[in-house]
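In this chain, residues are counted from 1 in sequence order. Both counts, for ligands and for their atoms, begin at 1 and track the order of listing.
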Amino acid sequence: MSTVTISTLRVGRRRDRPVTADARPPVSWTVDAEPGWVQSAARLRLDGERIAELEGEGCVLVAWPFEPLQGRRVHTLELQVVGADGSASDWSAPVTFSVVRRTEPWTAPSIGLAHPDRPAQPVYLRREFDVEPTVVAATLDATAHGVYQVAIDGVDVDDHVLKPGWTSYRHRLALESTDVSALLRPGRRQALTVRVAGGWFTERYGFGSSARRVYGDQPAVSIELRLEHSDGRVETVRSDERWRASSVVELESSGLYAGETRDARRHQEGWDAPGFDDGVWEPVAVVPLPPSLAVEALDVEPVRRIEERPPLAVLTTPSGATVLDFGQNLVGRVRFTVEGQRGATVTLRHAEVLEQGELCVRALRAAESIDRFTLAGRGPEVMEPEFTFHGFRYVEVSGWPGELRPEAFRAVVLHTDLDRTGGFGCSDHRLERLHDNVVWSLRGNAVGLPTDCPQRDERMGWTGDAQVFAPAAASLFGVDAFLASWLDDLALEQGDRAGLVPTIIPDVLGELSDVAAAGWGDAATVVPTVLHERYGDVALLRRCLPSMRAWVDRAHREAGPSRLWETGFQYGDWLDPTASRPDKAAADPGLVATAYLYRSTRLLADAYRAVAEAEPGGAGERDREDLVAAQGGYAALAEEVRQAFRHAYLTPAGRLMSDAPTAYALTLAFGLVDDEPTVRRLGERLAFLLRARGYRMATGFLGTPVVLDALLDSGRSAAAEQLLLQDACPSWLYPVTMGATTMWERWDSMLPDGSINPSGMTSFNHYALGSVADVLHRRVGGLAPAAPGYRRVRIRPWLVSALDHARVHQETPYGRAAVSWRRSGGSVTVVAELPAGVTASVELPDRPAFEAGSGRHEWVVDEPRSSTQAPALGVDADLADLADRPGVCALVSRRLAGADPELGREFDEFVRWVPGRTLRAELAAVSPPPELVASLDAELRALTAPAS
Ligand code: BGC
């Protein structure tokens with residue numbers, strides 16, 4: 001009989017700490033078992049006594065099998081599993097988890113400054129309270145209009161940063177519940193203090209002169225401390241008129257975009273300890289929270305200080321400024337230790353890039369991102385902003401007293417405390433750097449919510465960015481709780497707008513974001529689908545059905561009976577590099593919108609099916625019938641869209657009426673065509689168009705995530721490899737050649753000459769184009785989910801010919817899965833490891849597809865070597881033949897630009913790498929000097945010479 005042990009046991013959805021606000025938290029576990037082991041039953045034991053018996057194989061987000069959990073308590077859970085072969089594990093070690101659930105409604109009012117003298121004024125609040133000797137436990141619940149931290153006798157209650165984060169403030173505020181028993185001193189008088197600043201609540205949103213505060217002018221906090229006595233009595237200390245407030249504190253001003261100004265001379269000694277005389281402090285303004293506002297605990301990881309990094313270099317710029325280079329574009333802020341005279345002010349200015357050696361802050365637009373610190377002059381002082389964050393790699397330091405030592409500084413990296421769950425590596429370090437850049441951009445754009453960028457006056461939850469990036473995010477980190485919470489905000493915002501999903505969640509741009517935009521609004525259908533696919537969370541999918549449906553219905557109303565969505569404003573294939581404006585992509589916006597209309601309608605039908613089939617349903621028969629009926633209805637509607645799409649956009653010869661790469665990529669990847677010959681012809685045309693551009697990127701936000709899949713699935717792997725490994729601008733690897741450490745917003749945020757793209761919209765930390773990380777995992781590594789939660793996987797490595805090896809791993813809900821492959825001699829060895837409970841379909845190029853179960857597998861794949869050696873090619877060769885040789889297009893472009901940038905640009909714009917013309921003839925159009933043509937000829941021959 002086999003042996004089986006429990007590896008992990010998790011309660012709820014949070015991954016950082018065993019805390020839940022859910023009365024019925026789902027339970028998940030993984031086991032370590034011999035290959036082929038299958039669970040037939042499981043037993044859960046709550047608090048050492050109550051036992052629940054569960055049938056079957058379920059181990060991912062299993063519905064809570066006990067009575068709902070009440071109130072706040074610490075519980076233990078133990079697990080035993082039984083295999084179909086009769087084997088049984090021992091009981092697991094008990095897992096301790098706390099429930100921080102308020103059963104009473106939230107009624108504590110908010111308190112803040114009664115007489116602020118300017119908008120968004122930070123405030124410190126305090127009151128004292130007596131802790132009777134009979135107090136045995138205490139919980140603190142709090143939320144804020146703004147961002148805050150609470151301390152008891154000067155000790156912060158937790159390590160959360162920028163809490164309570166940014167939710168749809170008009171609808172809900174996140175309540176933070178903390179067990180503060182350890183901070184209490186029964187029998188003593190203690191001080192309860194709060195520091196609060198405006199954060200997201202008082203930020204001014206909008207572009208240029210239209211920017212304004214949309215939520216409120218002043219920060220405030222709402223708080224309740226519950227003291228539990230040994231006799232069961234509960235005493236509360238709440239926000240009320242008994243508190244005192246001061247704005248004459250070291251935190252003078254604070255803004256997410258602006259940065260912080262702190263003056264240590266204004267520090268009031270002992271203000272956060274009992275016994276401080278707050279007689280000169282002001283009474284507080286007490287305002288009830290609107291009754292319509294939900295104040296609720298969220299099961300989501302908080303923002304924390306995740307990592308600290310020292311500066312790698314101290315630079316002196318041409319103008320003489322001192323700049324710290326942290327070597328990595330990151331998100332957070334700088335902490336430093338300084339010693340100097342009272343009144344001296346140290347100023348930090350942040351930027352992502354240098355331009356001509358100087359700090360480039362133009363791209364930040366209205367976000368000043370300046371922190372100022374005035375010293376008290378009391379020996380070494382440690383300085384760090386508290387309620388702001390910046391996106392930066394470089395920091396200009398001015399006003400530093402004495403000699404600046406790099407050891408005095410640390411960059412503090414902030415983001416939601418997500419679990420890293422996936423990794424990728426391969427023999428090309430440029431691809432590894434690209435992957436790292438995606439990881440960093442996800443980290444930087446997960447400060448409380450999924451954002452477009454973390455640095456300029458934006459940092460908003462743009463739906464399109466989250467939609468295209470969700471699969472990559474899920475390949476890298478445990479983003480299920482994080483994105484699920486954002487989806488709750490999405491549904492709330494959508495509820496006010498007849499199904500329309502504003503393009504920003506939470507919405508702060510009003511009319512500007514109140515548009516039904518394909519690819520953006522589709523976050524409502526795509527993100528829940530991705531979370532279901534990657535984490536197996538069918539309960540979440542069920543919760544999202546109304547929102548998914550409302551969006552699909554709305555999009556159909558926009559499209560009308562033609563089933564073609566061709567009206568209204570569309571962002572379309574945003575930031576197509578071939579377009580003159582970001583919103584004027586080459587791909588027809590109607591075709592793009594209709595492709596998304598099909599996809600979302602399809603996803604909705606699929607979601608209904610998944611929920612109907614989920615076991616144990618929890619759903620009654622009636623409910624199941626409704627779900628099946630809805631599934632049928634939307635599947636039929638999707639088919640109507642597909643037919644309309646084909647009728648309108650597909651030509652009889654197998655082309656698209658909008659002859660742009662993104663049009664082909666979406667049509668193929670979304671399954672708008674599925675008959676073999678048409679798929680082949682569309683793939684051929686897509687490859688032709690990409691080659692015509694020398695295999696440089698020709699897709700924007702919407703085409704980029706799917707272009708490699710579209711090529712690979714239509715038999716165009718050579719073109720896919722050219723595109724992936726291209727490093728001339730625009731391409732995925734071009735930023736890597738320019739020293740990028742994050743993903744850029746534009747393919748050319750930095751131009752080849754090192755200057756910064758002059759557009760008013762240039763970020764160096766935007767994850768959208770990093771959607772390719774998911775392709776690296778699924779295709780290059782070859783590990784893709786094939787059933788919800790990776791219960792079944794598809795192992796299908798794309799053996800990229802220029803790579804010697806590649807590997808991918810994924811912490812799936814069932815445990816760690818990994819695939820790696822390595823070339824040696826004429827064969828490739830593929831190794832796969834699958835956790836218990838997971839099966840795979842394996843597709844290797846030299847044999848028919850087959851099945852594999854859990855455990856370790858090794859397969860040797862024969863790679864037939866091509867016997868005919870291709871000849872060396874020079875400038876007299878055909879353009880298409882040249883383009884198909886790796887590196888040729890980039891080399892030609894670099895050599896021309898190197899000789900004369902203008903010539904390079906002119907040629908890049910002119911050249912079409914299509915058959916039937918030689919490179920020499922094409923070059924003639926820009927009249928390069930004959931020596932250049934001759935040297936190019938020699939270089940090309942050397943590059944393309946057969947390897948001996
Ligand atoms: C944001 C995007 C967003 C776009 C809307 C930009 O300002 O940074 O990433 O999706 O606007 O098209």
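Using a cutoff of 4.0 Å between basic side-chain nitrogens and carboxylate oxygens, D480 and R534 are not scored as salt-bridged. Of the charged side-chain nitrogens involved, none lies within less than 4.0 Å of a carboxylate oxygen, so that R557 and D553 do not count as a salt-bridged pair.
Listed by chain and number, residues touching ligand 1 at under 4.0 Å (heavy atoms only) are D452, R456, E458, W462, D465, W520, Y571, W574, F701, E745, M761, H766.
Aromatic pair W166/Y205: ring centres closer than 6.0 Å.
With contacts defined as side-chain heavy-atom distances shorter than 4.5 Å, the pair M761/R365 qualifies.
For the side-chain contact (heavy atoms from CB on, under 4.5 Å) criterion with W520, the lone passing option out of L702, I504, V468, V501 is L702.
Sequence neighbours left out, not one pair with a member in residues 729-740 passes side-chain hydrogen bond (donor to acceptor under 3.5 Å, both in side chains).
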